[in-house]
4 protein chains.
Amino acid sequence: MCVMALPRSGPIRSEAARLAILDAAVALFAEHGYDHLTIEGIARRAGVGKQTIYRWWPSKGDVLAEAILEGRLLGPQREVPDTGDPRADLAAWLTEIFTLRASADGEGLLRSLVAASAGSAETGRRLRSEILAAPLMDRLSRAMGDAGGPRLEAAADALLGAVILRALSREHFASADMLALVDVVVGPPPR
Amino acid sequence: MCVMALPRSGPIRSEAARLAILDAAVALFAEHGYDHLTIEGIARRAGVGKQTIYRWWPSKGDVLAEAILEGRLLGPQREVPDTGDPRADLAAWLTEIFTLRASADGEGLLRSLVAASAGSAETGRRLRSEILAAPLMDRLSRAMGDAGGPRLEAAADALLGAVILRALSREHFASADMLALVDVVVGPPPR
Amino acid sequence: MCVMALPRSGPIRSEAARLAILDAAVALFAEHGYDHLTIEGIARRAGVGKQTIYRWWPSKGDVLAEAILEGRLLGPQREVPDTGDPRADLAAWLTEIFTLRASADGEGLLRSLVAASAGSAETGRRLRSEILAAPLMDRLSRAMGDAGGPRLEAAADALLGAVILRALSREHFASADMLALVDVVVGPPPR
Amino acid sequence: MCVMALPRSGPIRSEAARLAILDAAVALFAEHGYDHLTIEGIARRAGVGKQTIYRWWPSKGDVLAEAILEGRLLGPQREVPDTGDPRADLAAWLTEIFTLRASADGEGLLRSLVAASAGSAETGRRLRSEILAAPLMDRLSRAMGDAGGPRLEAAADALLGAVILRALSREHFASADMLALVDVVVGPPPR
DNA sequence: GCCTAATCGAGACGGTACGTCGGGTCTTGGA
DNA sequence: TCCAAGACCCGACGTACCGTCTCGATTAGGC
């Protein structure tokens, strides 16, 4: 009396096509940014029919989200460094995030990620939790002497959000500013 | 000693057309969000030729930026309230920003603003400085006992950025979370 | 030893769309003349995407040429009548060609055909060979007592060209003039 | 009791502008053909406001017609040569007309003239009477031994029309064909 | 020497159509 | 059943011209 997976005949989903699509999406995203990313372009580049994309993903944002999830977009996650000075480490890492750029059009990659997030719920969710917050949490937790909870989440959002806001406003983000940000959020350095 | 505007004969720019375009852009933006905003749609709604838009603005983002600058988008700026409890006031105002919504498609207005900012430098600049930061500064300055400078800027970016990041990730933002955010950035409440 | 059509999978050309386009083109051409014939108008009338036209024809002239080839434009070919008086028969038929008119704008259909021919090589070729010369040849051959060859071709061009030139110059073409033309080209009537 | 031209003050029509417009129209027509001739282009090239064109001519066709009338388009009228062999002279002259070409796009000038005629009554009238027929009449009259009248007109139309029809159909017009045409229309050579 | 009126250059305006791109759906034929 | 290929309808893109209009400057009579 168990629920049987309803049996299906015919070929199953082609893993090769899936990978080709994700690779093509990542490459085109990096080259031209989110706005110029198109389903047709992905299909062309991947050597795949458009329908094969539409069959499995509802939108270009979700293709991207899956690529992000599998770590294809930014390569292996950058760890926050550990030099003994938690504030400086955090500032360095945030600066790296801020200056993420791979697009041939000179568009910041971070800004493209934000555009993708604005357009796709799934991408938005993953941008925050997996791309940005995940590598940050451990170090931030130690820097704040806080095991977790709302304060830690709030601090992570504050740091990352500030970086995003600066990226959106196309303003320079001097390292002094970055340190000031860390101080405000993490707390003043102990004497 | 003065810069002479080079004199040109011929008809001057039609203010009526300019206003019709900005109004149409604001209305369509509010109704359908940034992604579904089109130059053709604006022109149609405004009763204007497309060329009249392209003549004066390079992209839909810049039309929107001008509308924002003139305060057409959100109406008169919301002031941060003053109830005597600066933390609660800030939290209330941030919550209002977070829940900004006018779109018929259920798209958050804040998310559309972020999309617009990702696509247009001018909009990005104004989103941060005029829409978000401006009404916040005075109250934040008093709450932090800080006259200005990098710390104040960093705090504003942190608060607003956190709100944006949450909006992008489509997560609920409980009022307790909001208070935690304010505490982390502004500092703990005095005993 | 035969040329293989390279096999292609995927949908084939829609005959329904092709016919709808040709019908729409013919109708609009007859109604408004060649100058006011537009690809957009054809697409609209045919209930078809513009791209479907551009996919198969390089220009509006070539759409028209195909319609002509299939006899859609002027209906079944008018035969030159046979009353026993070859000169009068030819004159009557030429007069009918001269006065071809279907356009709602009062533009002569012949003039529109000439405009189409000036704009499209294919239409030009067909105007001469299929629309005009074909029904004429048999009768002309008998009237001149000539089995064919350059003299017959020249005579056909002379008759039809004269009619076209008069149509272009918007001059009246009295039946006496028409008879004079036939006499000059075919030769004087036998006594 | 005559009709007085109603007295007007103010500047009179600028002859310089008129000439610049006609020159520009002729140059652009020769370079790009009738289809690509535009009022804006003429105005730009002539250094003239569009209104100055619209003030004096109803359409581009009429600008061209005026240029033709003043002999700007084809330079001084080519005379039919006189070598003693009227048939050969006529054939040579008709061949010259047939091969008229000045356009940078490779479009035959004759075909552009036909397009212009199809679009503008005035141009059509002048194409036949002034450009084509006028230089032909004298020689044709002598070749046919005919002082004028419907037969002469018909012969002229037949010769010129045949050349036009061949030009429209983009067919080669061998010199033997041309001689056959002359024979058919003018009559067989005397023995 | 004004005034009036028309001309001229320039070009903004509301439109229509251009030819292209991409969206999302549907239809083949092959595996 | 999936896949590649791609035709289909549709809507938007950004551009070119249309014909009308409105400017400021200029230029000729008529007073």
Side-chain angles (χ1 to χ4, degrees), chain A residues 7-14 16-18 20 36-44 46-56 58-60, chain B residues 7-14 16-18 20 36-44 46-56 58-60, chain C residues 7-14 16-18 20 36-44 46-56 58-60, chain D residues 7-14 16-18 20 36-44 46-56 58-60:
Chain A
R8 265 201 333 95
S9 73
I12 62 166
R13 178 172 186 182
S14 155
R18 196 184 72 88
H36 300 102
L37 186 64
T38 66
I39 298 277
E40 289 221 344
I42 296 172
R44 201 155 37 227
V48 137
K50 278 201 287 180
Q51 197 56 257
T52 303
I53 300 181
Y54 282 111
R55 196 174 355 254
W56 303 109
S59 77
K60 65 174 181 175
Chain B
R8 223 196 28 80
S9 80
I12 60 169
R13 178 170 185 183
S14 157
R18 196 183 71 88
H36 302 100
L37 187 64
T38 65
I39 298 276
E40 289 220 346
I42 297 172
R44 203 151 40 223
V48 141
K50 277 200 288 181
Q51 203 58 42
T52 302
I53 300 182
Y54 284 111
R55 188 162 17 243
W56 301 109
S59 76
K60 64 176 181 172
Chain C
R8 220 190 36 74
S9 81
I12 61 171
R13 179 170 184 183
S14 156
R18 195 183 73 88
H36 300 101
L37 186 64
T38 65
I39 298 276
E40 289 221 345
I42 297 172
R44 203 153 40 223
V48 140
K50 276 200 288 180
Q51 202 58 40
T52 301
I53 300 182
Y54 283 111
R55 187 162 19 243
W56 303 109
S59 77
K60 64 175 182 173
Chain D
R8 265 203 332 96
S9 73
I12 62 170
R13 178 170 185 183
S14 156
R18 195 184 72 89
H36 300 101
L37 186 65
T38 66
I39 298 278
E40 289 219 345
I42 296 172
R44 202 155 36 226
V48 138
K50 279 201 289 180
Q51 197 58 259
T52 303
I53 300 182
Y54 283 110
R55 198 177 351 257
W56 303 109
S59 77
K60 64 174 181 174

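In the text below, chain A, chain B and the rest are named by the order of the sequence lines, each starting its count at 1. Keep in mind that this is a model prediction, so the values were computed, not measured.
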How many Å lie between [atom1] on [X] and [atom2] on [N], as a whole number?
X       : N      : atom1 : atom2 : value
A:Gln51 : E:dT28 : CD    : P     : 14 Å
C:Ile53 : E:dT20 : CD1   : C1'   : 14 Å
B:Glu40 : F:dG11 : CD    : P     : 10 Å
D:Ile12 : F:dT26 : CD1   : P     : 19 Å
A:Ile42 : E:dG24 : CD1   : P     : 11 Å
A:His36 : F:dC13 : NE2   : P     : 13 Å

- Task: Hey, which sits more toward the 5' end of DNA chain F by its nearest nucleotide, D:Tyr54 or C:Trp56?
- Result: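 Taking each residue's closest nucleotide, the earlier one in sequence belongs to C:Trp56.
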- Message: Need to verify one output field. Residue with the more 5' nearest nucleotide on DNA chain F, B:Lys60 or C:Ala17?
- Response: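 Mapping each residue to its closest nucleotide by heavy atoms, the 5'-most match is C:Ala17.
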Taking all heavy atoms of [X] and all of [Y], pick out the closest pair and write down the distance.
X       : Y       : result
A:Ala20 : A:Ala46 : O-CB, 3.5 Å
B:Thr52 : B:Ala17 : CG2-CB, 4.3 Å
A:Ile53 : A:Ala43 : CD1-N, 3.8 Å

- Message: Tell me every residue that passes side chain to side chain donor-acceptor pair (under 3.5 Å) with A:Lys50, counting only those two or more places apart in sequence or in another chain.
- Response: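 Partners of A:Lys50 under the side chain to side chain donor-acceptor pair (under 3.5 Å) test: A:Glu40.
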- For B:Arg13, answer base if it contacts any base atom (sugar-phosphate contacts may also be present), sugar-phosphate if it contacts only those atoms, and nothing otherwise; contact means non-hydrogen atoms under 4.0 Å.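 Sugar-phosphate only.
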- Message: For F:dA12 and B:Arg44 - does any side-chain N or O of the residue sit under 4.0 Å from the phosphate oxygens OP1/OP2?
- Response: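 Looking at the OP1 and OP2 atoms of F:dA12, one of them is under 4.0 Å from a side-chain N or O of B:Arg44.
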- Message: So, OP1 or OP2 of F:dC2: does either fall under 4.0 Å of a side-chain N or O from A:Thr52?
- Response: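 Negative; the distance criterion is not met.
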- How long is the span from the CH2 atom in A:Trp56 to the CZ atom in A:Arg18, to the nearest 0.5 Å?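 Rounded to the nearest 0.5 Å, the CH2-CZ separation comes to 11.0 Å.
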- Query: For C:Gly41 and B:Pro11, take the nucleotide of DNA chain E holding the closest heavy atom to each; which residue's nucleotide lies nearer the 5' end?
  - Reply: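 That would be B:Pro11.
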- If each of B:Ser14 and C:Gly10 is mapped to the nucleotide of DNA chain E with the nearest heavy atom, which maps nearer the 5' terminus, i.e. the 5' end?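 Result of the comparison: B:Ser14.
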- Message: Any N or O donor-acceptor pair under 3.5 Å from the base of E:dG22 to the side chain of A:Thr38?
- Response: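 It does not, because no donor-acceptor pair links the side chain of A:Thr38 to the base of E:dG22 below 3.5 Å.
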- Task: Examine the base of E:dG11 for any acceptor or donor lying under 3.5 Å from a partner atom in the side chain of D:Lys50, and report the outcome as yes or no.
- Result: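 Absent.
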- Query: Given F:dA5, E:dG19, F:dG14, which nucleotide is nearest the side-chain atoms of B:Ile39?
  - Reply: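 Nearest nucleotide to the side chain: F:dG14.
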